[in-house]
Amino acid sequence: MTGRIEDRPIRLSLGPLPDRPLDRRELLILARRVAADRPSWEPHIRFSDDHRHYVSLHRDANIDIWVLCWTPSNDTGWHDHDTSAGAVAVTQGELIEHNLAIGSASLEMSVPAGQAYSFGPDHIHRMTGAAPGSVSIHVYSPPLWRMGQYTISASGVLRRISVSYADELRPIKSST
């Protein structure tokens, strides 16, 4: 795992935030604001085809903010964010969000640099890097604690495995 809070200080100016979980609109605004604050996350950019690099920029009782670095080899596998809503802002490169569709191929959405979107806690998706050197800001509320990783068996049965928010999301092998 390469995601961590690094030793060097993180200088992120969030301004006043409500003392409660944020809704999807607020998460989207915050993700865009953090994405625009390039000096706060740029020193943490690193790329690896073997492990996605990610750094926690901020965590408190109501929000969780991460910078994630992507290559085309990086793939989260199917997952959810348990009870957390979220927003993603792509700052450079491009990501592909795959939405699970039962009975057909997943629905894919390209998210190029400068674009952002939000989702609720019921959202199941998979993220992949579409371009070398892609970077994204992810904001969650309430903060991540557990996430669900999914596998689809050869017979089509969907299974959920609970994982820690600190674990690197990667595709998991199908079960029988």
Undergrad: Report the C-alpha distance between His81 and Tyr140 in whole Å, list the side-chain angles of each, state the deciding distance to 0.1 Å, and finish with yes or no for ring pair (Phe, Tyr, Trp, His ring centres under 6.0 Å).
TA: CA-CA 9 Å; His81 300 94; Tyr140 304 101; 4.9 Å; yes
Undergrad: Please evaluate residues Glu26 and Arg33 with respect to the criterion salt bridge (charged side-chain N to carboxylate O under 4.0 Å, His left out), reporting the C-alpha separation (whole Å), side-chain torsions for both, the decisive distance (0.1 Å), and the verdict.
TA: CA-CA 10 Å; Glu26 293 168 319; Arg33 189 179 344 151; over 6 Å; no
Undergrad: Got a second to check how far Ser118's OG is from Leu30's CG, nearest 0.5 Å?
TA: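 Atom-to-atom, Ser118:OG and Leu30:CG are 12.0 Å apart.
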Undergrad: What's the spacing between Ser73 OG and Phe47 CZ if we round to 0.5 Å?
TA: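 Those atoms lie 13.0 Å apart.
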Undergrad: Taking C-beta and beyond as the side chain, do Thr151 and Gln149 meet within less than 4.5 Å on heavy atoms?
TA: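 With C-beta onward as the side chain, the pair stays apart.
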Undergrad: The test is side chain to side chain contact (heavy atoms under 4.5 Å, CB included); show your working for Ile63 and Leu14 and say whether it passes.
TA: CA-CA 11 Å; Ile63 61 168; Leu14 298 177; 4.0 Å; yes
Undergrad: Ile96 and Tyr150: same hydrophobic cluster, using ILVMFWY side-chain contacts below 4.5 Å?
TA: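 No, because Ile96 and Tyr150 fall into different hydrophobic clusters, even though each may have its own neighbours under 4.5 Å.
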Undergrad: Taking a hydrophobic cluster as the set of Ile, Leu, Val, Met, Phe, Trp and Tyr residues connected by side-chain heavy atoms closer than 4.5 Å, whether directly or through intermediates, do Ile124 and Ile102 fall within one such cluster?
TA: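 The answer is yes; both residues are in one hydrophobic cluster.
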Undergrad: Using the six-membered ring wherever Trp is involved, compare the ring planes of Trp78 and His98 and label them parallel, tilted or perpendicular (cut-offs 30° and 60°).
TA: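 Perpendicular: the ring planes of Trp78 and His98 meet at over 60°.
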Undergrad: Quick one: does any side-chain atom of Asn74 pair with a main-chain N or O of Gly129 as donor and acceptor, under 3.5 Å?
TA: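 Between the backbone of Gly129 and the side chain of Asn74 there is no qualifying donor-acceptor contact (under 3.5 Å).
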Undergrad: Going only through I, L, V, M, F, W and Y residues with side-chain contacts under 4.5 Å, is there a path from Ile29 to Phe119?
TA: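 Cluster IDs for Ile29 and Phe119 differ.
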Undergrad: Please report the interatomic distance NE2(His44) to CG(Leu57), rounded to the nearest 0.5 Å.
TA: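 Nearest 0.5 Å value for the NE2-CG distance: 6.0 Å.
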Undergrad: Could you walk me through whether Asp122 and Asp80 pass the side chain to side chain contact (heavy atoms under 4.5 Å, CB included) test, one step at a time?
TA: CA-CA 7 Å; Asp122 59 342; Asp80 66 40; over 6 Å; no
Undergrad: Could you tell me which non-hydrogen atom of Ser56 sits nearest to which non-hydrogen atom of Asp64, and how far apart they are?
TA: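 That closest heavy-atom pairing would be OG-OD1, 4.4 Å.
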Undergrad: Look up atom CE in Met109 and atom CD in Glu97, then write down how far apart they are to the nearest 0.5 Å.
TA: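 If I round to the nearest 0.5 Å, the distance is 4.0 Å.
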Undergrad: Can you name the side-chain hydrogen bond (donor to acceptor under 3.5 Å, both in side chains) partners of Asp19, sequence neighbours left out?
TA: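 Asp19: side-chain hydrogen bond (donor to acceptor under 3.5 Å, both in side chains) contacts with Asn62.
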Undergrad: Only one of Leu28, Leu22, Asp23 forms a side-chain contact (heavy atoms from CB on, under 4.5 Å) with Arg25, so which one is it?
TA: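 With Arg25 as partner, side-chain contact (heavy atoms from CB on, under 4.5 Å) holds for just one option, Asp23.
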Undergrad: Is it true that Arg126 and Glu108 have a side-chain N and a carboxylate O under 4.0 angstrom from each other?
TA: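 Salt bridge between Arg126 and Glu108, a charged N being under 4.0 Å from a carboxylate O: no.
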Undergrad: For Ser136, what residues pass the side-chain hydrogen bond (donor to acceptor under 3.5 Å, both in side chains) criterion, not counting sequence neighbours?
TA: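 So Ser136 forms a side-chain hydrogen bond (donor to acceptor under 3.5 Å, both in side chains) with Trp70, His138.
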Undergrad: Looking at Thr71, Asp75, Thr76, which one forms a side-chain contact (heavy atoms from CB on, under 4.5 Å) with Thr128?
TA: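 Testing Thr128 for a side-chain contact (heavy atoms from CB on, under 4.5 Å) against Thr71, Asp75, Thr76 leaves exactly one candidate, Asp75.
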Undergrad: Between Arg59 and Leu144 (side chain of the first, backbone of the second, donor and acceptor by atom type, cut-off under 3.5 Å), is there such a pair?
TA: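 Yes: the side chain of Arg59 pairs with the backbone of Leu144.
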Undergrad: Is there a side-chain contact between Gln115 and Arg32 (heavy atoms, below 4.5 Å)?
TA: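 In short, these two side chains do not touch, never coming nearer than 4.5 Å.
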Undergrad: If the threshold is 4.0 Å, N to carboxylate O, is there a salt bridge linking Arg160 and Asp82?
TA: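 Counted as a salt bridge, because a side-chain N and a carboxylate O are separated by less than 4.0 Å.
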Undergrad: Determine, using ring centers only, whether His79 and His125 are less than 6.0 Å apart.
TA: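 When the ring centroids of His125 and His79 are compared, they turn out to be within the sub-6.0 Å range.
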Undergrad: Do Trp145 and Trp66 belong together in a cluster built from hydrophobic side chains that touch within less than 4.5 Å?
TA: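 Cluster IDs for Trp145 and Trp66 match.
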Undergrad: Measuring only between side-chain heavy atoms, which start at C-beta, is Leu68 closer than 4.5 Å to Ile137?
TA: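 No, too far: nothing below the 4.5 Å cut-off.
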Undergrad: Should Ser162 and Arg146 be marked as a side chain to side chain contact (heavy atoms under 4.5 Å, CB included) after you check the CA-CA gap, both sets of side-chain angles, and the distance that decides it?
TA: CA-CA 6 Å; Ser162 184; Arg146 303 291 304 165; 3.0 Å; yes
Undergrad: Side-chain donor-acceptor pairs under 3.5 Å in residues 84-95, sequence neighbours left out?
TA:
{"residue": "Ser84", "atom": "OG", "partner": "Pro142", "partner atom": "O", "Å": "2.6"}
{"residue": "Ser84", "atom": "OG", "partner": "Pro143", "partner atom": "O", "Å": "3.4"}
{"residue": "Thr91", "atom": "OG1", "partner": "Val135", "partner atom": "O", "Å": "3.2"}
{"residue": "Gln92", "atom": "OE1", "partner": "Arg38", "partner atom": "NH2", "Å": "2.5"}
{"residue": "Gln92", "atom": "NE2", "partner": "Gly133", "partner atom": "O", "Å": "3.0"}
{"residue": "Glu94", "atom": "OE2", "partner": "Ser110", "partner atom": "OG", "Å": "2.2"}

Undergrad: So which heavy atom on Arg46 is nearest to which on His53, and how close?
TA: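 Heavy atoms only, the tightest pair is O-CB, 3.3 Å.
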Undergrad: Between Ser153 (side chain) and Val157 (backbone), is there a donor-acceptor pair under 3.5 Å?
TA: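 Checked: pair present.
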